[in-house]
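Notes follow once the structure below has been shown.
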Amino acid sequence: MNCQGNPELISAFIDGELSDEEAASAAAHIDSCPACSKLRDEYQMISQMFADDAAEVPEGFTQAVMQRITAQRTARKKDHWKRYGALAAVCAIVIIAGVSAGVLRGGSGKSTGSTGATMKAADMAPSSPSLAAPQDAGAQDDFVYMEDTQEDSATQDTAGGTAGAGADGNANGGTVTEGAAQEEPQGLTDEPDRLGGTLHGMAGSTSEGKAITAAETGAFGLNASVTSLEQAVALAQELGIDYSLFVTKAGQDALVISLDDFRAFYETDGNLLYSEAGNEPESPWVLITQTE
Amino acid sequence: MAASMDAALVEQAKGGDTQAFEKLVRLHQNRVYGVALRMMGNHEDAEDAAQDAFVRAWENLPAFRGDCAFLTWLYRLTTNVCLDLLSARGRRKTTSLSGDEEAGARALEIPDPAPGPHEQAEKLERAQALRSALDRLPPDSRQIVVLRESEGLSYEEIGQVLELAPGTVKSRLFRAREKLRQDLLLHSGNIFSSGASKKQNQQKGGGDS
């Protein structure tokens, strides 16, 4: 090309990116210059090649994307959970605190004097902003082995409705998705090792982010009490549950212990924790403890 | 109008509405996939990259402040995902569209008004030549050429995607385009001459599409 013309201008010219004035002068030159005409033609042919070879997205693409997103939400961006995503249902234990679980709450540490089983949910949701961890948690009889709970729930259509031997907290037990507490339960971060509540049954598949229904909760016939992370872990292992424990209190607070790495995660909004896939909040989990 | 629709859907999606996000995926998947295919050079990698781009968009949606159009942002994510994947792929290229006959044929399944067998064959030839040439083009050149040629973005839009001034876009695009042209001349010079006369007549004075 012997032309003194600016090829960059030709590139911009075919893209329609020159001002009217520039374009007019470029056009005049190109038409009179064989080299520039050739260049223009070749650029245009390249454009045409792109146009002729347009691609369409493969079938099922949208679904594939949405599946990944749903799976990811369920996994809560926790890679270690993701690893198990494809496995069969992730077992989880729901500890429904029809129990005082002052421990869980990081409540005042005051023993209410009543057993958890007979506590009202309202009693359990005192404004307890206190971060003080209960010192006497391990010794509390608040954590009742609630044998009767299962029997009760088993006979109920609304399983879990009366679970917890009358604890109102368990009125929501079957539908943990309801009855969120509004207050911020902060105590846990101060007493990571301790949790209280009653192992109330098995949750559904976390990998699918399913809502835990009352029926599922009772499905495994679990009822046990735990007062510490160790106990929860031990129990889960005994039960052959490999990796995750869900702990919740009266449908409010929840603690998720992922046993594959013995990490515990605490979600402040128990209401949404067990909600249906797609409704979980994106709020981050708070790591409360990590033992080994 | 499309942008305002995007904005509304983006707001809903930010609030956790997956259905709104799904609509965004449907609206833009062809573009995202098109870019990914040009960047990655084969359908399999393109699909992975396009999916990654949308997943990344979902993840980063809270951080999307609407400083640019959603689509602009999406293009940025997509090309970045592709660049990441390409750099991970490194030099050890295995199959690419250059040798991917099946993929070439697939992309050409798009209905064409009255394509004669001869024209069909020519098109296939040109498509393969283009893919091979793109495959040899450095990824950053590929990126800017694709945004222009495949997506038809203006220099200003390209500048937003790549966060470059329009003047820089102009010069970089020219250089990338020149590389592509030189490569085609070198490897498939007949492409220009064979279809030239016919194409020129059709395209005379026309734009680029």
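Predicted model, so just to flag it, every value in this text is computed and none were measured. Heavy-atom basis, side chains included; hydrogens, waters and symmetry copies ignored. Lettering of chains follows the sequences in order, A, B, ..., and the numbering in each one begins at 1.
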Can a side-chain donor-acceptor contact be found between Gln29(B) and Thr62(A) if the only test is distance below 3.5 angstrom? yes
Backbone of Tyr155(B) reached by a side-chain donor or acceptor of Glu17(A) within 3.5 Å: yes
Does Arg131(B) come within less than 4.0 Å of Asp53(A), counting only side-chain N to carboxylate O? yes
Separation between CG of Leu124(B) and CG of Asp52(A), rounded to the nearest 0.5 Å: 11.5 Å
Search all heavy atoms of Leu39(A) against all heavy atoms of Glu178(B) and return the closest pair with its distance. CD1-OE1, 3.7 Å
Show the nearest heavy-atom pair for residues Ala54(A) and Arg38(B), with the distance to one decimal. N-NH2, 4.3 Å
Where on Met66(A) is there a heavy atom nearer than 4.5 Å to chain B: the side chain, the backbone, both, or neither? side chain
Glu8(A) vs Ser171(B) side-chain heavy atoms within contact, under 4.5 Å: yes
Compare every heavy atom of Val65(A) with every heavy atom of Phe54(B), then report the nearest pair and how far apart it is. CB-CG1, 3.6 Å
For Val145(B) versus Phe50(A), what's the shortest heavy-atom pair and its separation? CG1-CZ, 3.6 Å
Does any non-hydrogen side-chain atom of Val25(B) lie less than 4.5 Å from one of Ile69(A)? no
When you look at CD of Gln182(B), are more than 12 heavy atoms from neighbouring residues, nucleotides or ligands closer to it than 6.0 Å? yes
Any ion pair linking Asp52(B) and Arg68(A) (charged N to carboxylate O, less than 4.0 Å)? yes
Glu156(B) atom CD: more than 12 heavy-atom contacts under 6.0 Å: no
Look only at the side chain of Asn30(B) and the backbone of Glu56(A), and say whether a donor-acceptor pair between them is shorter than 3.5 Å. no
Any non-hydrogen side-chain atom of Asp41(A) less than 4.5 Å from a side-chain atom of Phe192(B)? no
Spacing of Trp58(B) atom CH2 and Thr70(A) atom OG1 [to the nearest 0.5 Å]: 8.5 Å
Take atom NZ in Lys23(B); do more than 12 heavy atoms of anything else shown fall under 6.0 Å from it? no
Given a strict heavy-atom distance threshold of 4.5 Å, which part of Ala50(B) is in contact with chain A: side chain, backbone, both, or neither? both
Could you walk me through whether Asp15(A) and Leu173(B) satisfy the side chain to side chain contact (heavy atoms under 4.5 Å, CB included) test, starting with their C-alpha distance in whole Å, then the side-chain angles of each, then the deciding distance to 0.1 Å, before giving a yes or no? CA-CA 10 Å; Asp15(A) 288 336; Leu173(B) 177 59; 3.3 Å; yes
Tyr43(A)-Glu149(B) side chain donor-acceptor pair, cut-off 3.5 Å: no
Heavy-atom distances under 4.5 Å only: say whether Leu9(A) touches chain B with side chain, backbone, both or neither. side chain
To the nearest 0.5 Å, tell me how far Met49(A) CE sits from Leu184(B) CG. 5.0 Å
When you measure from the side chain of Arg177(B) to the backbone N and O of Ser11(A), does any donor-acceptor pair fall under 3.5 Å? yes
